[in-house]
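Just below is one structure, and these are the notes that go with it.
When reading the values below, keep in mind they use all heavy atoms of this one structure, side chains included, and skip hydrogens, waters and symmetry mates. Here the structure is a predicted model, which is why all the values come from computation and not from measurement. Note on naming: letters A, B, ... go to the chains in the order of the sequence lines (proteins, then strands), and numbering restarts at 1 for each one.
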There are 2 protein chains.
Amino acid sequence: MRQNMNQLLAYFDSELPGVNAFLEAETDKLSGLVRDVARHVLLGPGKRIRPIMTICTARVLGFSGDVMPLACALEMLHSATLIHDDILDDADLRRGRTAAHVAFGTTQSVLAGDVLLALANRLGASYDIPRVNLLLADGIMATAEGEILEMGSLEHPVVDRDLYMQIIIGKTARLIETACRCGAAVATRDRQAEDVAGKYGLNLGIAFQLVDDALDYVSPSDTMGKPEGGDLREGKITLPLIHLFEDLGESEARTLLTSIRDHTLDEDGQQRVLAMVREGDYANRTRETAARYIADAKAALAGLPDRPERAVLSLAADFVLSRKK
Amino acid sequence: MRQNMNQLLAYFDSELPGVNAFLEAETDKLSGLVRDVARHVLLGPGKRIRPIMTICTARVLGFSGDVMPLACALEMLHSATLIHDDILDDADLRRGRTAAHVAFGTTQSVLAGDVLLALANRLGASYDIPRVNLLLADGIMATAEGEILEMGSLEHPVVDRDLYMQIIIGKTARLIETACRCGAAVATRDRQAEDVAGKYGLNLGIAFQLVDDALDYVSPSDTMGKPEGGDLREGKITLPLIHLFEDLGESEARTLLTSIRDHTLDEDGQQRVLAMVREGDYANRTRETAARYIADAKAALAGLPDRPERAVLSLAADFVLSRKK
């Protein structure tokens with residue numbers, strides 16, 4: 001297992017410098033006001049999962065050309081949605097750093113997001129493959145729709161697993177699916193191959209978010225870069241909490257949901273909820289759900305050619321499930 | 001002349017219902033929260049200059065296919081930039097109506113803008129012509145860069161014509177150029193023809209904004225839908241005001257510029273400036289500048305085939321220059 005992870009890390013180590021150098025060069029070309037915002041978000045710490053997925057899916061399907069502009073377009077799309085998303089959530093911290101709109105103001109953040117969206121589309125268009133731009137547009141659309149669904153969910157009397165799943169698919173998984181589909185689309189016009197890559201990406205993306213939501217309830221602030229139970233404090237209803245709702249009586253669950261949404265749950269109440277989530281082992285149950293999606297992601301890989309990158313994609317799936325921060 | 005204008009109006013009358021129906025149908029498919037914002041901006045009163053330009057340039061170059069999705073993509077891009085722009089300017093009125101972010105909130109407005117950008121890109125990608133998506137991306141990029149330039153201009157000790165021209169080219173003219181280039185790009189792969197269409201659009205766009213800025217100083221609020229001298233009140237430095245600066249002594253100009261930017265110019269002071277702009281005939285001088293760009297736009301038309309739409313494009317240029325609201 002450790003040897004496998006070393007193989008995965010070696011792959012990241014071989015590709016990340018190229019990704020970072022490209023992002024650095026592209027953001028350097030931007031106008032001053034948005035360059036600072038773009039650099040803050042784009043060059044901050046991040047897992048670079050999307051560009052690596054694009055690189056891997058392109059390579060596994062035999063693409064030998066320059067995949068870097070497309071890979072980085074995906075990271076730019078992701079950053080653009082983060083920047084705009086932060087304005088929506090009014091989140092003060094992002095990946096443990098001050099959110100862009102707090103550091104730079106709403107105006108610059110709106111613009112920087114727009115510029116990154118445009119830049120990503122331009123990089124995508126440079127491949128002369130219309131399918132790529134269609135995929136990018138669909139990815140942005142799905143991400144925005146996930147946001148909309150999440151905002152709308154605040155009006156729902158209950159939050160169930162179905163709604164939660166739809167939200168995380170829209171907000172996170174679709175763009176990771178897009179990253180994989182784009183990699184496939186530059187390599188081949190075979191739509192079946194693209195669908196296989198997309199299936200891998202979608203399931204990986206779902207698992208990624210599930211693990212993220214599980215980690216929010218277990219990890220100390222120094223590893224996640226945000227305080228434990230941050231989602232609870234922000235009023236975000238994720239699967240660990242939904243497990244708790246399911247185990248509570250209906251009226252108790254409703255009262256708790258209301259107090260979380262209204263931000264009327266005091267510090268003691270929050271600590272009680274955190275303790276109940278721990279006692280119910282709900283974070284681990286969330287991770288078990290993630291494991292099923294990881295299994296589906298890995299099963300999809302059988303439909304891809306047996307090139308070294310297929311092993312990397314498989315290891316990446318393991319990593320997404322096992323990561324501790 | 002009146003007969004010519006009737007010919008132009010007849011063309012608009014023949015195409016606008018299709019544009020409006022398409023926009024109506026597309027916005028209907030959006031999720032509730034952003035649909036309302038999109039409809040508010042997209043289906044409000046507007047000149048639909050961009051989609052008409054796309055239709056005309058496509059037709060004049062012999063395209064006989066369905067140009068409506070692309071034409072409407074241009075209107076969506078325009079609306080998206082308006083929505084985001086309003087958040088930046090914190091403008092309360094847009095085309096005489098309450099700005100979207102005031103009516104619906106910043107959150108929904110950021111999202112609605114993103115969704116319209118994505119939708120426009122998706123419609124563009126449906127043509128299977130990569131050049132179209134490249135043009136759309138460049139158009140959004142240029143518009144954002146115009147915004148950035150305008151924001152940056154607030155720090156400049158003087159605002160001169162060069163800077164002003166760069167700002168209006170970015171904020172307005174490039175997207176009208178994009179509309180014309182896109183129309184050309186679906187009709188032909190001949191880059192020279194696209195460049196001709198682009199030259200027409202760029203010059204038309206510059207003139208359009210110049211006339212807009214002139215009208216701001218002359219038109220009563222009931223025709224423009226915003227109070228006379230609105231730009232002055234908002235601290236926006238446009239050509240009529242730059243003409244005044246040029247005719248004032250340097251130190252007087254600086255003092256005035258500072259008071260306009262700081263919003264320390266009181267009502268009396270504003271009325272004095274408006275009177276000076278009237279006396280100097282600066283609005284008309286601005287329109288004279290516009291006339292030179294209109295001449296360039298019309299000159300470019302010689303490079304396009306002699307189809308009926310070429311006459312329409314010529315009349316549209318006349319209309320842009322002569323419009324009174």
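Of the options A/T107, A/L111, A/V110, a side-chain contact (heavy atoms from CB on, under 4.5 Å) to B/E147 is made by A/L111 and by none of the others.
Within the model, atoms CZ of A/R122 and CG of B/L136 stand 12.5 Å from one another, a figure rounded to the nearest 0.5 Å.
Taking all atoms of both residues into account, the shortest heavy-atom contact from A/S31 to B/E145 is OG-CG, 3.9 Å. The shortest heavy-atom contact between A/A144 and B/V115 is CB-CG2, 3.4 Å. Nearest heavy atom pair, residue B/A118 against residue A/M141, reads CB-SD, 3.7 Å.
When each of A/P130, A/S126, A/A120, A/G124 is scored by its heavy-atom pairs under 4.5 Å with chain B, the top score falls to A/P130. The candidate from B/I140, B/D114, B/T143 with the greatest count of non-hydrogen atom pairs under 4.5 Å with chain A is B/D114. Taking chain A as the reference chain and counting heavy-atom pairs below 4.5 Å, the highest number among B/D138, B/V34, B/L123 is found for B/D138.
In this structure the side chain of A/L30 never reaches within 4.5 angstrom of the side chain of B/I148, judged on heavy atoms.
Proximity to chain B (any heavy atom under 4.5 Å) is restricted, for A/L117, to the side chain, taken from C-beta onward.
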